[in-house]
Protein chains: 2
Amino acid sequence: MEHPKSYTHKQEQLARFAKAMGHPARMAILQFLLAQESCYFGDIHEELPIAKATVSQHLKELKEAGLIQGEIEAPKVRYCINKENWELARKLFADFFSQTGYRKENCCQ
Amino acid sequence: MEHPKSYTHKQEQLARFAKAMGHPARMAILQFLLAQESCYFGDIHEELPIAKATVSQHLKELKEAGLIQGEIEAPKVRYCINKENWELARKLFADFFSQTGYRKENCCQ
DNA sequence: AAAAATGTTCGCAAATATACGAACAATAAA
DNA sequence: TTTATTGTTCGTATATTTGCGAACATTTTT
């Protein structure tokens, strides 16, 4: 076989989280939710320089990545950090970045 | 004005790093470099299930995001973690994830 | 019941991303 | 000087992402 290796589950999970965080609007949404200024769609939208349809789409992506969750609180919608997955992401990123960082015997000095 | 706010510099920088990490192949490359198994393109390529042209492209993206750097060591090419930016990324992600995480007075419990 | 408020979904356009083989460039080895 | 080795770049195809307005669905309010 030409390409023996594939990707590890951790690499894929980390990439999935990273990808979800890979847009300024989504980072802004996450920070807004972390700051607990509000959890309502309308307030999130007001904070961002994009149309509500686009905000809704970004929220959907964050939800599908598992970083947030949403529930209807008629007539509004409340979005929250998904604590369980948030902890997972925090840990995966922490492990990733403390992965020696780099060594003394680095082939790159 | 309809949309008063934009994104902060930190949000954009974090998103840029996250985006670069948002693909399993690129995560695999970073981990390979961190593990210091080798820094040569050929060895990186062997580790991945994709064509060399594609590997080269992913390396270019990581380089443009500032996470790695490359130098010619004829006839090979050596890629390395960009230490300065790596530290920056580490710090930005650490700060981001320790951003209270979430509060007791969370509007989402 | 009609009107207002709040978001989601649809349809579309434009921009990016992903992947590959073939061609190319540069150095090293024969 | 050929030939081999090592990567990059080019051209192309396909898929995904981003963004918007309009239409739609739901619940509240009047």
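Reminder, nothing fancy here: chain letters follow the sequence lines and each chain counts from 1.
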Worksheet item: Any side-chain N or O of A:His58 under 4.0 Å from OP1/OP2 of D:dG19?
Response: yes
If every non-hydrogen atom of [X] is compared with every non-hydrogen atom of [Y], which pair is closest and at what distance?
X: B:Ala28; Y: A:Tyr7; result: CB-CD2, 4.0 Å
X: A:Arg90; Y: B:Ser98; result: NH1-CA, 3.8 Å
X: B:Arg26; Y: B:Glu61; result: NH1-OE1, 3.1 Å
X: B:Ala65; Y: B:Arg16; result: CB-O, 4.3 Å
X: B:Ala25; Y: B:Ile50; result: CB-CD1, 4.0 Å

Would you mind reading off the distance between [X] atom [atom1] and [N] atom [atom2], rounded to a whole angstrom?
X: A:His45; N: D:dG19; atom1: NE2; atom2: P; value: 12 Å
X: B:Leu62; N: C:dT18; atom1: CG; atom2: P; value: 11 Å
X: A:Ile44; N: C:dG7; atom1: CD1; atom2: C1'; value: 11 Å
X: B:Ile50; N: D:dA15; atom1: CD1; atom2: P; value: 18 Å

Response to the item:
Contact check, residues 19-30 of chain B vs DNA chain C, heavy-atom distance under 4.0 Å, returns B:Lys19, B:His23, B:Arg26
Worksheet item: Does B:Glu73 come within less than 4.0 Å of B:Lys76, counting only side-chain N to carboxylate O?
Response: no
Practice prompt. Kindly say whether the aromatic ring centers of A:Phe93 and B:Phe97 come within a distance under 6.0 Å.
Written response: yes
Practice prompt. List for me each residue that meets side chain to side chain donor-acceptor pair (under 3.5 Å) alongside B:Gln57, sequence neighbours excluded, and say none if there are none.
Written response: none
Item to complete: For each nucleotide in nucleotides 4-11 of chain D, reading 5' to 3', give B when a protein heavy atom comes within less than 4.0 Å of its base, S when such contact involves only the sugar-phosphate, and - otherwise.
Response: --SBBB--
